[in-house]
Amino acid sequence: MPRDTILLVNAWAIHRDAKAWDDPTRFKRERFEGGEVGHKLMPFGLGMRACPGAGMAQRVLGLALRSLIQCFE
């Protein structure tokens, strides 16, 4: 690619790629249980243009899940 080229990544298409996911339009929790998702899933983007609030969102989600589990009877 030439220098200073702007590259746009279509995350919507990557997340729905039938070559990467079986039945890509359905949510299947078991896909994410092994931790081997890699770059097939990028909810906060990657590289220089990644979401600056990704770390905070993941921490807040973790705290919310812990509280939910702790309060569950």
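Note: hydrogens, waters and symmetry copies are ignored here, and every other heavy atom, side chains too, is used.
For Arg26, the salt bridge (Lys or Arg N to Asp or Glu O under 4.0 Å) criterion is met by Asp23, not counting sequence neighbours. Qualifying side-chain contact (heavy atoms from CB on, under 4.5 Å) partners for Thr5, counting only residues two or more places apart in sequence or in other chains: Met1, Pro2. In this view, Asp22 and Lys28, Arg31 satisfy the side-chain contact (heavy atoms from CB on, under 4.5 Å) rule, not counting sequence neighbours.
Expressed to the nearest 0.5 Å, how far CG of Asn10 lies from CZ of Arg16 amounts to 9.5 Å.
As a member of the Ile/Leu/Val/Met/Phe/Trp/Tyr network built from side-chain separations under 4.5 Å, Met56 groups with Val60.
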